[in-house]
Enquirer: 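I'd like to ask some things about the structure below.
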Amino acid sequence: MRRPTDDSILTRGLLIAITIGFIGIFLLLPLLTVFTSALANGLQAALDALRDPDAISAIKLTLIVAAIAVPLNLVFGVCAAWLVSKYDFRGKSLLISLIDLPFSVSPVVSGLIYVLMFGLQGWLGPWLRDHDIRIIFALPGIVLATIFVTFPFIARELIPLMTDQGRDEEEAAVTLGASGLQTFLRVTLPNIKWALLYGVLLCNARAMGEFGAVSVVSGHIRGLTNTMPLHVEVLYNDYQYVGAFAVASLLALLALVTLTFKSLLEWRYADEIAATHRH
Amino acid sequence: MRSAAISSPFARLRNPSVLPGFGLTLGFTLFYLSAIVLIPLTALLLKPWTLGWSGFIAAITEPRVLAALKLSFGGAAIAAVVNAVFGLIVAWTLVRYRFPGKRLVDALVDLPFALPTAVAGIALSALYASNGWLGGPLSLLNIKIAFTPIGVIFALIFIGLPFVVRTLQPVIADMSAEAEEAAATLGATRFQTLRRVVLPALAPALVTGTGLAFARAVGEYGSVIFIAGNLPMKSEIAPLLIIIKLQQYDYEGAAAIGLVMLAASFVIILALNLFQSLLAARR
Amino acid sequence: MSLVVDSITKRFGRFAALKGASFTVPQGAFVALLGPSGSGKTTLLRILGGLEFPDDGAVRFADMNWLGVPARERRAGFVFQQYALFRHMTVAQNIAFGPSVRPRRERPSRKEIAHRVEELLHLVQLDGLGGRYPSQLSGGQRQRVALARALAIEPRMLLLDEPFGALDAKVRKDLRIWLRALQERLGITTIFVTHDQEEAFAIADLVAVMNAGVIEQYGTPQDLRRAPRTPFVAEFLEQTGSAPN
């Protein structure tokens with residue numbers, strides 16, 4: 001006899017088959033396509049595509065952009081999470097909604113707003129031109145658009161966890177004589193380190209992979225303002241499929257590393273990482 | 001007892017707690033938020049009006065623009081419904097059943113969050129091209145997916161799925177078996193129990209997850225443009241049209257479409273928040 | 001070195017948590033703040049610990065303006081209701097925390113701190129458990145770690161917020177006898193929040209009965225029992241006295 005809350009074997013089998021089929025077709029197959037297409041002409045061809053000077057400059061630019069955007073969002077994420085989780089103040093829920101805002105804005109719109117601010121026809125465009133400062137079609141614009149798109153990731157990872165942990169331990173540390181910095185480094189940080197690390201990884205993966213927003217502000221100057229995803233686009237549109245998928249598989253590997261790390265953390269520290277992920 | 005709200009308008013900036021850093025974190029958070037998000041967004045809010053009201057209306061009712069908006073919103077809606085159905089099945093299966101490969105499937109659900117959209121885009125495009133793994137067999141059946149609106153919808157299904165699954169999973173996991181057991185002792189069949197007890201309990205999370213998937217899909221760009229074919233009036237999405245307008249130096253036209261999309265995402269998020277607070281009030 | 005609490009008021013939004021609470025604690029006394037939940041006793045304790053600031057009123061301790069001293073400099077040993085032990089630190093690291101966060105020139109050496117931790121572990125009867133994590137201890141043991149951690153800063157007063165609230169009746173009784181003996185030995189001014197009348201009377205020199213933000217009566221257990229000054233005090237003592245929980 002099966003228990004009344006168990007589904008019949010038939011239902012179970014059917015639902016499992018649908019799940020595996022759906023995930024297989026919609027998620028697994030595209031992933032496999034990336035790697036098989038990259039290796040279509042053998043490993044050497046893929047490696048050669050990565051050694052192309054334009055590919056190397058795209059990889060460099062991507063690393064530079066992430067190296068600026070991620071630390072800035074890390075500082076912001078920690079600040080915002082501390083503010084929201086440790087204090088009560090008016091307008092807190094509005095603030096949380098504003099922090100979440102970039103999640104729901106189209107990446108293309110995210111790029112567009114910086115063009116409207118800093119582009120030649122934008123608010124600050126003439127002034128910037130007179131002072132010979134380039135933001136759009138240059139590194140600063142790419143960095144800004146990337147920061148915008150990855151803005152909430154770290155804060156979002158920390159806020160539920162830190163709210164859940166409350167402020168008792170921090171208050172105890174203060175009564176024991178700890179300064180603000182000591183309290184943060186020695187009491188708060190050890191309690192959030194895994195969630196923080198995952199937030200940084202996810203933010204990094206998204207920063208390196210951002211396409212829509214960066215595409216608007218970069219100007220697609222080969223060897224100069226093309227990040228890896230933009231380089232993928234250029235190669236793909238030039239019918240250089242092996243090259244496109246070779247660069248794409250680097251990004252896919254980064255995504256896989258991020259996901260593997262997340263799964264490992266979830267199995268080991270399930271209770272230390274907030275259960276709900278909404279990004 | 002300690003839900004402090006401070007009465008004097010000046011006291012608001014005083015540190016409300018003994019923990020140090022209120023002024024510092026508030027100041028930095030507001031500065032960064034304004035510099036990165038709020039001020040640039042105002043630029044978008046103001047730009048289209050240089051066209052005047054009628055110019056704005058004309059810009060967004062251009063047939064090509066209307067067709068693009070229709071595809072972005074319509075495609076996102078269809079993809080969201082597909083994701084609601086399959087996402088529910090996936091979430092239920094992952095929480096309630098055990099099967100080999102479950103952890104892999106569970107981990108894969110997050111792939112669209114982590115995989116760059118351009119990578120997803122070229123992969124889907126290659127997969128459904130007429131010589132691709134799926135496009136080949138389908139073309140024998142005379143079904144064409146790449147370079148059609150169906151391709152757009154497939155890409156939007158890809159990027160929306162995790163929103164539904166990840167919103168539902170914790171709710172299904174938290175749902176106590178007692179309600180289901182009670183229904184069974186009252187004589188309900190398993191199907192009746194699922195339809196009348198389980199599904200209503202999951203409905204709020206299902207609506208929220210579907211709404212989030214829809215909101216994300218409306219603005220999606222990278223995973224769509226490679227598979228879409230981008231034929232004006234047919235398979236051209238609104239974000240792409242923004243880029244095209246920018247390349248033609250039509251900043252006002254680009255801003256007008258951008259504003260419509262921004263307004264739409266505001267409305268969706270606002271509606272979801274309202275829906276959740278209504279539910280919270282009813283409980 | 002007495003503690004003088006003078007007309008403390010505190011509001012949270014529209015809710016008046018304290019409406020002018022005053023009392024004086026002689027040096028070395030053990031005082032219980034007794035009252036139902038929402039009577040303001042925890043708020044008062046948090047104000048003494050520097051975790052909350054009153055809207056009005058004054059506190060003097062050993063001729064200092066106590067409210068002007070920041071929490072981290074007060075050296076008020078605060079024991080939290082849920083203990084608030086640092087979950088990622090061992091018992092020994094928890095106890096060593098206070099001494100080890102002092103400014104460098106006032107900080108004892110590692111050796112001295114380790115020695116102090118051993119002493120405190122012995123004092124709270126947890127010899128040999130220094131390497132455990134809080135999650136590996138029973139409720140009563142955690143309670144004693146929290147106390148040892150508070151004692152490690154050589155506190156000028158001890159503030160205990162429902163310290164036995166989460167423990168079962170037997171452990172509770174043993175612990176309070178032990179706590180009182182320890183307090184007498186150390187001679188440290190102690191303020192203790194509880195909603196349990198029996199507990200307050202068994203342990204305290206002086207009891208302040210609180211209700212709705214005011215101190216209804218303040219005196220020795222004998223005084224309170226003999227002559228309850230308000231109907232609330234009489235009723236509260238009778239109620240909880242007949243059915244201790």
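Each chain gets a letter, A, B and so on, in the order the sequences are listed, and its residues count up from 1.
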Enquirer: What part of B/Leu259 gets within 4.5 angstrom of chain A, counting heavy atoms only: side chain, backbone, both, or neither?
Expert: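 When you check distances to chain A, no heavy atom of B/Leu259 falls under 4.5 Å.
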Enquirer: Evaluate the side-chain proximity of A/Val216 to B/Tyr221: yes if any heavy-atom separation is below 4.5 Å, no if none is.
Expert: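 Answer no - side chains too far apart.
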Enquirer: Taking all heavy atoms of B/Ala126 and all of A/Phe245, pick out the closest pair and write down the distance.
Expert: CB-CZ, 3.7 Å
Enquirer: Could you check which of A/Val105, A/Thr33, A/Thr36 has the highest count of heavy-atom pairs closer than 4.5 Å to chain B?
Expert: A/Thr33
Enquirer: If you count heavy-atom pairs under 4.5 Å with chain A, which of B/Gly258, B/Pro239, B/Gly222, B/Gly101 comes out on top?
Expert: B/Pro239
Enquirer: Given 3.5 Å as the limit, does a donor-acceptor pair link the side chain of A/Tyr114 with the main chain of B/Ile36, or not?
Expert: yes
Enquirer: Take A/Leu32 and B/Trp133, measure what side chain to side chain contact (heavy atoms under 4.5 Å, CB included) needs, and give me the verdict at the end.
Expert: CA-CA 11 Å; A/Leu32 293 180; B/Trp133 287 348; 4.0 Å; yes
Enquirer: Using non-hydrogen atoms only, which part of A/Pro107 is less than 4.5 Å away from chain B: side chain, backbone, both, or neither?
Expert: both
Enquirer: Can you tell me how far CG of B/Leu30 sits from CG of A/Leu95, rounded to the nearest 0.5 angstrom?
Expert: 6.5 Å
Enquirer: Test side chain to side chain contact (heavy atoms under 4.5 Å, CB included) on A/Ser106 and B/Val218; report intermediate values, then the result.
Expert: CA-CA 8 Å; A/Ser106 167; B/Val218 165; over 6 Å; no
Enquirer: Please examine the side chains of B/Tyr32 and A/Val75, heavy atoms only from C-beta on, and report whether any two atoms are closer than 4.5 Å.
Expert: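 A side-chain contact is absent here, since even the closest heavy-atom pair is not under 4.5 Å.
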Enquirer: Supply the atom-to-atom distance B/Asp110 CG to A/Ser263 OG, rounded to the nearest 0.5 angstrom.
Expert: 7.5 Å
Enquirer: Over all heavy atoms of both residues, which pair between B/Met261 and A/Val109 is shortest? Give the atoms and the distance, please.
Expert: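 Scanning both residues, the minimum pair turns out to be CB-CG2, 4.4 Å.
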Enquirer: For A/Ser104, does its backbone N or O pair with a side-chain atom of B/Ser265 as donor and acceptor, under 3.5 Å?
Expert: yes
Enquirer: Where on B/Leu194 is there a heavy atom nearer than 4.5 Å to chain A: the side chain, the backbone, both, or neither?
Expert: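 For B/Leu194, side-chain heavy atoms alone lie under 4.5 Å from chain A.
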Enquirer: Quick check: do B/Phe226 and A/Asn237 have side-chain heavy atoms less than 4.5 Å from each other?
Expert: yes
Enquirer: What part of A/Asn73 is in contact with chain B, defined as an atom under 4.5 angstrom from a non-hydrogen atom: side chain, backbone, both or neither?
Expert: both
Enquirer: Considering only heavy atoms, which portion of B/Ile269 lies under 4.5 Å from any heavy atom of chain A: side chain, backbone, both, or neither?
Expert: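 For B/Ile269, the contact with chain A is made by the side chain alone.
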Enquirer: Does any non-hydrogen side-chain atom of A/Pro229 lie less than 4.5 Å from one of B/Val119?
Expert: no
Enquirer: Could you tell me which of B/Thr42, B/Ile257, B/Leu33, B/Val171 has the largest number of non-hydrogen atom pairs under 4.5 Å with chain A?
Expert: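 Ranked by contacts with chain A, first place is B/Leu33.
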Enquirer: Would you please test B/Ile89 and A/Thr19 for side chain to side chain contact (heavy atoms under 4.5 Å, CB included) and show each step?
Expert: CA-CA 7 Å; B/Ile89 293 174; A/Thr19 296; 3.8 Å; yes
Enquirer: Looking at every non-hydrogen atom in both residues, tell me the closest pair between B/Ile242 and A/Leu112 and how far apart they are.
Expert: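 Scanning both residues completely, I find the closest heavy atoms to be CG2-CD2, 4.0 Å.
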Enquirer: With a 4.5 angstrom heavy-atom cut-off, could you sort out which part of B/Leu246 is near chain A: side chain, backbone, both or neither?
Expert: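 It is the side chain, since no backbone atom gets that close.
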Enquirer: Is there a side-chain contact between B/Phe113 and A/Thr258 (heavy atoms, below 4.5 Å)?
Expert: no
Enquirer: Which region of A/Leu259, side chain (C-beta onward) or backbone (N, CA, C, O), has a non-hydrogen atom less than 4.5 Å from a non-hydrogen atom of chain B, or is it both or neither?
Expert: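 Just its side chain gets close to chain B.
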Enquirer: Please classify the contact of B/Leu161 with chain A as side chain, backbone, both or neither, using a heavy-atom distance under 4.5 Å.
Expert: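 It is the side chain, since no backbone atom gets that close.
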Enquirer: Taking every heavy-atom pair that is under 4.5 Å apart, which of A/Leu72, A/Leu28, A/Ile20 has the most such pairs with chain B?
Expert: A/Leu72
Enquirer: Any non-hydrogen side-chain atom of A/Leu101 less than 4.5 Å from a side-chain atom of B/Leu41?
Expert: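 Yes, side chains in contact.
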Enquirer: A/Pro30, A/Gly209, A/Cys79: which one forms the most heavy-atom pairs within less than 4.5 Å of chain B?
Expert: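 That would be A/Cys79.
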Enquirer: Between the side chain of A/Arg206 and the main-chain N/O of B/Leu115, is any donor-acceptor distance below 3.5 Å?
Expert: no
Enquirer: Give, as side chain, backbone, both or neither, the part of B/Asn83 having an atom under 4.5 angstrom from any heavy atom of chain A.
Expert: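 Interface part for B/Asn83: side chain.
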Enquirer: Which heavy atom in A/Gln121 sits nearest to a heavy atom in B/Tyr249, and how many Å separate them?
Expert: NE2-O, 4.5 Å
Enquirer: Verify, without hydrogens or angle tests, whether A/Tyr87 (side chain) and B/Phe22 (backbone) share a donor-acceptor contact under 3.5 angstrom.
Expert: yes
Enquirer: Applying ring pair (Phe, Tyr, Trp, His ring centres under 6.0 Å) to B/Phe158 and A/Phe26, what does each step give before you reach the verdict?
Expert: CA-CA 6 Å; B/Phe158 173 85; A/Phe26 274 91; 8.3 Å; no
Enquirer: If I measure from the heavy atoms of chain A, does B/Leu38 come under 4.5 Å with its side chain, its backbone, both, or neither?
Expert: side chain
Enquirer: About how many Å separate OG1 of B/Thr117 and CG of A/Leu251, when rounded to the nearest 0.5 Å?
Expert: 10.0 Å
Enquirer: Give the ring-plane orientation class for A/Phe76 versus B/Phe28, where under 30° counts as parallel, over 60° as perpendicular and anything between as tilted.
Expert: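 The arrangement is tilted - the two ring planes meet at 30° to 60°.
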Enquirer: If you take all heavy atoms of A/Ile23 and B/Val109, which pair is closest and at what distance?
Expert: CD1-CG2, 3.9 Å
Enquirer: Relative to chain A, which segment of B/Ile268 carries a heavy atom at a distance below 4.5 Å: side chain, backbone, both, or neither?
Expert: neither
Enquirer: Report which part of A/Phe22 has an atom under 4.5 Å of a heavy atom belonging to chain B: side chain, backbone, both, or neither.
Expert: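 Only the side chain of A/Phe22 comes within 4.5 Å of chain B.
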Enquirer: I need the B/Lys47 NZ to A/Ile113 CD1 distance, nearest 0.5 Å.
Expert: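 Here the interatomic distance stands at 14.0 Å.
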Enquirer: Quick one: which of B/Ile157, B/Asp106, B/Leu262 has the most heavy-atom pairs under 4.5 Å with chain A, could you say?
Expert: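 Among the listed options, the one with the most contacts to chain A is B/Ile157.
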Enquirer: Counting heavy-atom pairs closer than 4.5 Å to chain B, which one of A/Leu29, A/Val174, A/Val34 comes out on top?
Expert: A/Leu29
Enquirer: Using 0.5 Å steps for rounding, measure from the CD1 atom of A/Ile16 to the NZ atom of B/Lys102.
Expert: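 So the CD1 of A/Ile16 and the NZ of B/Lys102 are separated by 9.0 Å.
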Enquirer: If you look at every heavy atom in B/Pro40 and A/Met117, which pair is closest and at what distance?
Expert: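 That would be CA-CG, 3.8 Å.
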Enquirer: Rounded at 0.5 Å granularity, tell me how far CG in A/Leu256 sits from CG in B/Leu111.
Expert: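 Those atoms lie 7.0 Å apart.
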Enquirer: Below 4.5 Å, heavy atoms only, C-beta onward: do B/Leu46 and A/Trp123 meet side chain to side chain?
Expert: yes
Enquirer: At a 4.5 Å cut-off on heavy atoms, which part of B/Ile225 comes close to chain A: side chain, backbone, both, or neither?
Expert: side chain
Enquirer: Please look at B/Ala120 and chain A and tell me whether the side chain, the backbone, both or neither of the residue comes under 4.5 angstrom of a heavy atom of that chain.
Expert: neither
Enquirer: Is any side-chain heavy atom of B/Ser125 closer than 4.5 Å to one of A/Tyr236?
Expert: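 Heavy-atom side-chain distance check passes, below 4.5 Å.
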Enquirer: Got a sec: does the CG of A/Leu10 have more than 12 other heavy atoms crowding it under 6.0 Å?
Expert: no
Enquirer: Below 4.5 Å from any heavy atom of chain B, which atoms of A/Thr175 appear? Answer side chain, backbone, both or neither.
Expert: neither
Enquirer: Looking at B/Leu45, B/Leu44, B/Leu24, which one has more heavy-atom pairs under 4.5 Å with chain A than the rest?
Expert: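 Looking at each of B/Leu45, B/Leu44, B/Leu24 in turn, B/Leu44 comes out on top.
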